[in-house]
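Data first, discussion second: the structure below is written as structure tokens.
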Amino acid sequence: MTSLAPRSQPHLAASHDLTTAPARRGTTPPRHWGRRLYLAANITILVFLLMPIAIVIVFALNPTPFIQFPPVGVSLRWFEKFFVSRDFMHALAFSLEVAALTTAAATVLGASAALAIARGNLPGSRLIVATMLSPLMLPAILTGLALFQSYVLLDVGRPLWGLVAGHTLVAIPYVVRTTLAVLHNFDVRLEEAAQNLGASPTRTFFEVTLPLVKPGVMAGAIFAFIVSFDQFPVSLFLVAPGNETLPITLFNYLKFDLDGTIGAASVVSILLAFIVVIALDRTVGLRSYVKL
Amino acid sequence: MPGASAPRVNSLALLILPSALLFALFFFLPIGLMAVMSVLTGNPVVMPNVAVTAKHYARIGNDSYYLEVIWTTIRIGLWTTLAALLIGYPLAHWMARIKSRTGHALLLMAVLAPMLTGIVVRTFAWMTLLSDKGVVNQLLTSLGLITKPLQLMYNETGIIIGLVHIYVPFMVLTLTGVIGRIDERLEQAAENLGASPWRAFLEVTLPLSLPGILAGSLLVFALAISAYVTPILLGGFQIMTLPILIYQQISANFNIGFAAALGMVLLAISLLLVIAYNHMLGLVSGQRELQ
């Protein structure tokens, strides 16, 4: 807390000059060389990060059922195959359903827990935060396995609520984290001012606290949705045969086929992800997420 | 007014209850049941005479095959973490220090885009890149650099490449936060005192970012040892890791007790890591307070 990131203080022109001005002594050539190496390394890393996404798009538009490089043409046949496939469409709808339920549950539970932690004067709040974040550190495949074993012992089969409960567990940490971050940067005096002006605690909560916490909750909700939509290890144990989520269906398809249908399905989910990123940028801003 | 705020505070504390209930019923109870199942001879619901046994653990400990699986899992996790750190650090440093807002937003998009693309999709992308007739091999062949395709997948190398790609964004985001909080003027002070930029980085920035390195490495290792999709697809069913073995014990053998014991091993590795991490973080931050 003692030092603020200099980036957040754009008026600090002096620090900017110091980094860009050449060194005083005769060290300019090696410094430039180091700078170039630094940029080259980073650009290579960016290529590594983004190349697979580019390849998937190329493969989805490739007319041949095998990977051909360079591509010989452009075709939408794999998209057609994806959208007419009953299995894929059913999986897509089911995934959206599970993700919507998970987002609702994780957002309500996680945001209320964060409020309780930040405002409730709970004893042992550090331990509570660590517990709420623990599904992030614990292998998700264990969450799936443990829930699966419990459902087997209870003989409840593989119900939808069982799957949603598993997804909610792994999505809750994101909501807790983003909401807590907003609550920590939040001026308590705003609530006090409202109360001094005669607002009831309930009215203060709904008209002051909630609107101010909203960006954090929204960011958490979006992350909960993404985490659930892409959730594999928990679903692996908890989906019922014939009622599978999209990642599981894609995975099963991949085990036997490697044609452009997967590419088309991937492009559809990438587009969905980009819509989510834009939504995130519009609601809370990408920069604020990284500062959390 | 101060007296009136106390009961309000207490009523907000009640909001923890729904989450507490969820965690108790769907997290701690199931993990407790898994621990119990790992020491039972069978399913107590369907078998009338179930006894307590250590046979599942004995089977893991006495069979070099299972020990090899555990070691393979840890080895893949370690290589993935190391590579993710080496790849993630420069990018995180760039992101934390870049002055242009647009540049920062573009870098962030580049890091988040793969993260939002999905594990199965990205593994598929690496299959199209690394397979015998994949893009990399086709490219190298057409350039005349190789005559026989390189074996890039169906081995640990392929798994590690895929895992690094999937988990490096977690490393970058963790490190960016920590590096961004390091006061840039400290580096400038070192350089003004005559240190080269490289030395200023090694002696100022790197030590101060140690908590981020620890946090990011722990996260990536924890994620890498629990990965299932990438090791099975890029390993082509050739390489056995703990998560693959656990799922196989459930799906093929329906051996719940043995799967539970393997699960407990994975849990123990993860918990050991968290404890070691907290201990090391204590040492790192304690040192800084002394300075």
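Numbered from 1 within each chain, the chains take letters A, B, ... in sequence-line order. All values below come from the heavy atoms of this structure, side chains included, with hydrogens, waters and symmetry mates left out.
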Of the backbone (N, CA, C, O) and the side chain (C-beta and beyond), which part of [X] lies under 4.5 Å from a heavy atom of chain A, both, or neither?
{"X": "B:Leu218", "value": "both"}
{"X": "B:Phe28", "value": "side chain"}
{"X": "B:Phe254", "value": "side chain"}
{"X": "B:Ile250", "value": "side chain"}
{"X": "B:Ala260", "value": "both"}
{"X": "B:Tyr228", "value": "side chain"}
{"X": "B:Val229", "value": "both"}
{"X": "B:Leu91", "value": "both"}

Among [options], which residue has the highest count of heavy-atom pairs closer than 4.5 Å to chain A?
{"options": "B:Leu25, B:Val121, B:Ile269", "result": "B:Val121"}
{"options": "B:Ser226, B:Gly32, B:Pro18", "result": "B:Ser226"}
{"options": "B:Ile225, B:Leu33, B:Leu223", "result": "B:Leu33"}

Please report the closest heavy-atom contact between [X] and [Y], naming both atoms and the distance.
{"X": "B:Ala125", "Y": "A:Val56", "value": "CB-CG2, 3.4 Å"}
{"X": "A:Ile55", "Y": "B:Leu129", "value": "CG1-CD2, 3.7 Å"}
{"X": "A:Leu49", "Y": "B:His165", "value": "O-NE2, 2.7 Å"}
{"X": "B:Ala259", "Y": "A:Leu145", "value": "O-CD2, 3.7 Å"}
{"X": "B:Leu219", "Y": "A:Leu136", "value": "CD1-O, 4.4 Å"}
{"X": "B:Pro90", "Y": "A:Tyr38", "value": "O-OH, 4.1 Å"}

Ring centre gap for A:Phe59 and B:Trp126 strictly below 6.0 Å = no
Taking the side chain as every heavy atom from C-beta outward, state whether [X] and [Y] have any pair of such atoms under 4.5 Å apart.
{"X": "B:Phe27", "Y": "A:Thr131", "value": "no"}
{"X": "A:Phe48", "Y": "B:Ile161", "value": "yes"}
{"X": "B:Phe124", "Y": "A:Phe251", "value": "no"}
{"X": "B:Ile16", "Y": "A:Leu115", "value": "no"}
{"X": "A:Thr143", "Y": "B:Ile31", "value": "no"}
{"X": "A:Leu109", "Y": "B:Phe23", "value": "no"}
{"X": "B:Ser19", "Y": "A:Met132", "value": "yes"}
{"X": "B:Leu271", "Y": "A:Met137", "value": "no"}

B:Trp94/A:Ile45 under side-chain contact (heavy atoms from CB on, under 4.5 Å): CA gap, chis, key distance, verdict = CA-CA 11 Å; B:Trp94 197 19; A:Ile45 294 164; over 6 Å; no
Side chain, backbone, both or neither: which part of [X] has a non-hydrogen atom closer than 4.5 Å to chain B?
{"X": "A:Leu246", "result": "neither"}
{"X": "A:Leu153", "result": "both"}
{"X": "A:Tyr151", "result": "side chain"}
{"X": "A:Ile172", "result": "side chain"}
{"X": "A:Pro247", "result": "both"}
{"X": "A:Leu154", "result": "neither"}

Spacing of [X] atom [atom1] and [Y] atom [atom2] [to the nearest 0.5 Å]:
{"X": "B:Ile119", "Y": "A:Leu250", "atom1": "CD1", "atom2": "CG", "value": "12.5 Å"}
{"X": "A:Phe148", "Y": "B:Ile246", "atom1": "CZ", "atom2": "CD1", "value": "12.5 Å"}
{"X": "B:Ile232", "Y": "A:Leu254", "atom1": "CD1", "atom2": "CG", "value": "11.5 Å"}
{"X": "B:Leu14", "Y": "A:Ser112", "atom1": "CG", "atom2": "OG", "value": "11.5 Å"}
{"X": "B:Met34", "Y": "A:Ser150", "atom1": "CE", "atom2": "OG", "value": "9.5 Å"}

B:Trp198, CH2: over 12 other non-hydrogen atoms inside 6.0 angstrom =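 No, not enclosed.
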